[in-house]
There are 2 protein chains.
Amino acid sequence: MSAGKRVTIADIARHVGMTNITVSRALNRPEMVRADTRERIQRAARELGYVPNAFARALKRSDSRLIGVVTASIDNPFYAEMIKSISRHAKQHDYAIMLFDTDGDPALESMAIDSLLSYQAAGVILSPVTDEPDYQPDYIKRLAAGSMAVVQLDRTLHDSGFSAVVLDNVWAGDCAAHYLLERVLVQRSGNQRRLLVVAGPEQSQISRQRLAGVQQRLAGHESDVAVDVLWGDYNLPLAQAEVARYLAHYPVPAAIFGFNQLITLGALRALREHGIDRRSLDVVGIDRLPYLDIFGISVPCVVHDGYRAGREALELLLTQMAGEPSPRTVIVRGELLQ
Amino acid sequence: MSAGKRVTIADIARHVGMTNITVSRALNRPEMVRADTRERIQRAARELGYVPNAFARALKRSDSRLIGVVTASIDNPFYAEMIKSISRHAKQHDYAIMLFDTDGDPALESMAIDSLLSYQAAGVILSPVTDEPDYQPDYIKRLAAGSMAVVQLDRTLHDSGFSAVVLDNVWAGDCAAHYLLERVLVQRSGNQRRLLVVAGPEQSQISRQRLAGVQQRLAGHESDVAVDVLWGDYNLPLAQAEVARYLAHYPVPAAIFGFNQLITLGALRALREHGIDRRSLDVVGIDRLPYLDIFGISVPCVVHDGYRAGREALELLLTQMAGEPSPRTVIVRGELLQ
DNA sequence: CTGTTAGCGCATTCAG
DNA sequence: CTGAATGCGCTAACAG
């Protein structure tokens with residue numbers, strides 16, 4: 001209750017006329033202490049306002065109950081959903097979450113990893129700032145050398161060898177292309193059969209896979225659909241600018257496929273900007289565009305279950321922490337929502 | 001580099017033929033060590049893959065570089081924005097964030113506080129599960145007794161005496177009501193002059209303030225606008241259900257005012273469900289309904305700058321941590337966006 | 001069931 | 001500028 005010094009186990013010991021270790025046991029392994037002394041100790045702890053010192057405990061036991069989450073953008077709804085899921089499940093296993101939002105900055109990402117190593121985190125769930133193969137941050141070595149479990153989420157470091165939970169990106173591309181082919185493109189005529197894909201960075205593995213999915217589906221179909229690809233980034237303004245520039249130079253395509261939520265929104269905004277009714281062509285996306293049904297709007301999207309992805313990541317991390325040596329990859333497949 | 005034991009300061013000391021303390025100094029207060037030995041030590045540290053042990057350091061210095069963030073819903077975009085802002089600014093002051101998503105569960109909230117006390121967090125930014133005055137969790141005592149700085153964010157514990165960053169809720173209500181009066185309600189006739197307010201929980205201080213703002217504005221206007229209030233919670237399904245029930249029993253009001261993003265969306269969905277064109281009446285809300293402009297939809301809203309609120313909260317926390325004894329309250333005013 | 005001893009890794013005394 | 005001793009708070013390991 002006193003605001004001055006912190007109450008330690010020793011204070012309680014003095015208070016009840018026992019030794020430290022007995023107090024420690026009464027608090028952590030109650031069954032090892034006689035019922036009445038246990039009572040006395042626990043009551044004293046409560047009355048004195050005892051708060052265990054997590055640092056001292058972790059130092060002694062050299063195992064922390066900490067899990068790190070490193071992500072580039074907590075304000076991306078898909079990531080927020082995954083983080084919520086991780087947080088919820090971590091709590092069930094008595095782990096606290098240390099969160100790092102790297103804001104797309106590799107330097108911050110590296111510092112985040114160092115912090116986690118420093119805090120002896122039992123594991124990290126990592127979604128790097130980019131998944132381009134060139135990105136080979138030097139913390140990979142530090143991570144691989146240590147005993148910290150690692151699970152990558154959504155974005156992966158090329159060839160890092162860590163476990164991962166990723167989306168089925170090829171399938172997502174395939175699925176959207178299939179939708180476009182079956183329902184849409186077949187109904188159009190001649191040179192209208194043009195699909196505009198608005199992708200992320202040209203080197204992004206995720207974008208490449210999604211595009212591969214599209215191409216694989218088109219190839220199987222023996223159609224004469226032409227694909228134009230705009231490379232950019234996973235944000236709205238750039239996607240909007242790219243699409244605007246495209247529309248200024250080429251005829252309106254039969255369909256547009258946006259590779260994530262923000263890209264799709266950017267493309268739609270560009271259409272509007274050019275005075276083109278979005279219903280005059282077909283737009284599909286990846287990731288949910290929430291609440292549009294309320295306004296009678298429907299944009300078909302391939303959506304992935306972020307809650308599930310988060311859970312899978314945490315479970316994978318726990319098995320790694322339990323000693324499973326071989327890295328595993330879990331693939332989460334989405335579904336087309338119309 | 002070795003995967004076995006962690007390398008400590010002592011290993012480095014042995015390696016370079018110095019003692020622990022010199023190594024410690026070379027790493028933390030380089031100016032206290034001769035240049036060449038400092039070099040040797042720092043190089044050895046790098047080569048051996050030394051990682052400082054944050055626990056040992058914190059234990060010794062009894063000051064952690066940890067700030068706790070406790071919130072009910074990281075997946076609420078407004079909260080996500082605030083958390084991102086907190087995270088970004090905390091990093092600038094070399095603090096790491098420990099995040100707790102309480103998921104609306106008071107028990108989890110209490111555990112989160114205990115964890116933070118246990119980790120000797122320098123401060124907490126707290127947004128409790130509810131702001132109803134009845135909610136007086138017993139961790140308040142523990143918090144007040146200790147030396148941890150506390151700043152409440154958005155939602156506050158009634159009479160807790162902690163610093164806070166809150167929204168100007170009265171003003172938000174006033175502002176929306178003003179808009180409705182000036183632009184809208186005056187144009188309607190007789191018994192059509194009915195405003196439906198869809199609020200949060202009946203005891204929520206925030207909802208009460210927003211409602212007070214509405215009533216104050218209406219009172220000042222000497223108008224004959226009647227207000228119906230639906231109490232509920234800050235989520236979509238309940239708001240939708242309440243509004244649906246209202247529409248089943250009463251004539252369509254001249255306007256609907258939703259007290260947060262999800263409530264407004266719920267109300268709009270109820271309208272749609274009842275086959276009522278939302279443009280046949282006036283709908284205003286609090287919180288942004290993002291991206292609707294892309295679809296040519298406009299729902300006027302009072303929006304608050306979450307990024308700023310987060311920054312203010314962190315700054316307030318830092319001043320508290322620096323010893324400022326008197327609690328302060330910062331009020332963030334929103335603006336009407338049409 | 002309880003106590004003694006010892007040490008986790010680091011940084012603060014105080015001496016050289 | 002460098003070192004020796006000491007302790008932060010807690011809990012193994014081994015007694016008793």
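Throughout, a chain's letter reflects where its sequence line sits, starting with A, and its residues are numbered from 1.
- The ring-ring contact (aromatic ring centres under 6.0 Å, His included) contacts involving residues 21-49 of chain B comprise nothing, where partners must be two or more places apart or lie in separate chains.
- Atom-to-atom, CD of A:Glu31 to P of C:dT2 comes out at 13 Å; the value is rounded to the nearest Å.
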> In B/S/- notation, 5' to 3', how is nucleotides 10-16 of chain C contacted by protein heavy atoms closer than 4.0 Å?
Replying inline: BBB----
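- Partners of B:Glu312 under the salt bridge (charged side-chain N to carboxylate O under 4.0 Å, His left out) rule, at least two apart in sequence or in another chain, are B:Arg308.
- Distance from the side chain of B:Arg34 is smallest for D:dT2 among the nucleotides C:dT4, D:dT2, D:dC8.
- Inter-axis angle, ends of the helix from C:dC1-D:dG16 to C:dG16-D:dC1, five pairs per end, rounded to 10 degrees: 30°.
- When the salt bridge (charged side-chain N to carboxylate O under 4.0 Å, His left out) test is applied to B:Asp101, the partners found at least two apart in sequence or on another chain are A:Lys84.
- Results of the side chain to side chain contact (heavy atoms under 4.5 Å, CB included) test with B:Thr37 over B:Met18, B:Arg25, B:Gln42 single out B:Met18 as the only residue that passes.
- A distance of 9.0 Å separates OG1 of B:Thr130 from CG of B:Asp134, quoted to the nearest 0.5 Å.
- One atom, CE of B:Met32, and another, C1' of D:dT2, lie 10 Å apart when rounded to the nearest Å.
- Contacts between residues 112-124 of chain B and DNA chain C, defined by a heavy-atom separation under 4.0 Å, are absent.
- Considering all non-hydrogen atoms of both residues, B:Ala72 and B:Pro128 come closest at CB-O, 4.4 Å.
- Applying side chain to side chain contact (heavy atoms under 4.5 Å, CB included) to A:Asp131 and the options A:Gln152, A:Arg155, A:His158 leaves one that passes, A:Arg155.
- Whole-Å rounding puts the A:Arg65 CZ to D:dC10 C1' distance at 17 Å.
- Between the CD1 atom of B:Ile41 and the C1' atom of D:dT2 there is a distance of 10 Å, rounded to whole Å.
- Contact detail for B:Arg311 and B:Ser85: the closest heavy-atom pair is N-OG, 3.2 Å.
- One atom, CG of B:Leu59, and another, P of C:dC8, lie 13 Å apart when rounded to the nearest Å.
- Side-chain nitrogen and oxygen atoms of A:Thr22 include none within less than 4.0 Å of the OP1 or OP2 phosphate oxygen of C:dC1.
- Following rounding to the nearest Å, B:Asp63 (CG) and D:dC8 (C1') show an atom-to-atom distance of 12 Å.
- With rounding to whole Å, A:Leu48 atom CG is found 16 Å from D:dG9 atom C1'.
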> Stepwise, does the side-chain contact (heavy atoms from CB on, under 4.5 Å) test hold for A:Leu126 with A:Leu153?
Replying inline: CA-CA 6 Å; A:Leu126 171 66; A:Leu153 183 53; over 6 Å; no
>> Show, in sequence, the C-alpha distance, side-chain angles and deciding distance for A:Asp138 and A:Arg142, and conclude whether the salt bridge (Lys or Arg N to Asp or Glu O under 4.0 Å) test is met.
In response: CA-CA 7 Å; A:Asp138 52 336; A:Arg142 277 173 276 157; 3.7 Å; yes
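- Looking at B:Glu109 and B:Tyr135, their side chains come closer than 4.5 Å, going by heavy atoms from C-beta outward.
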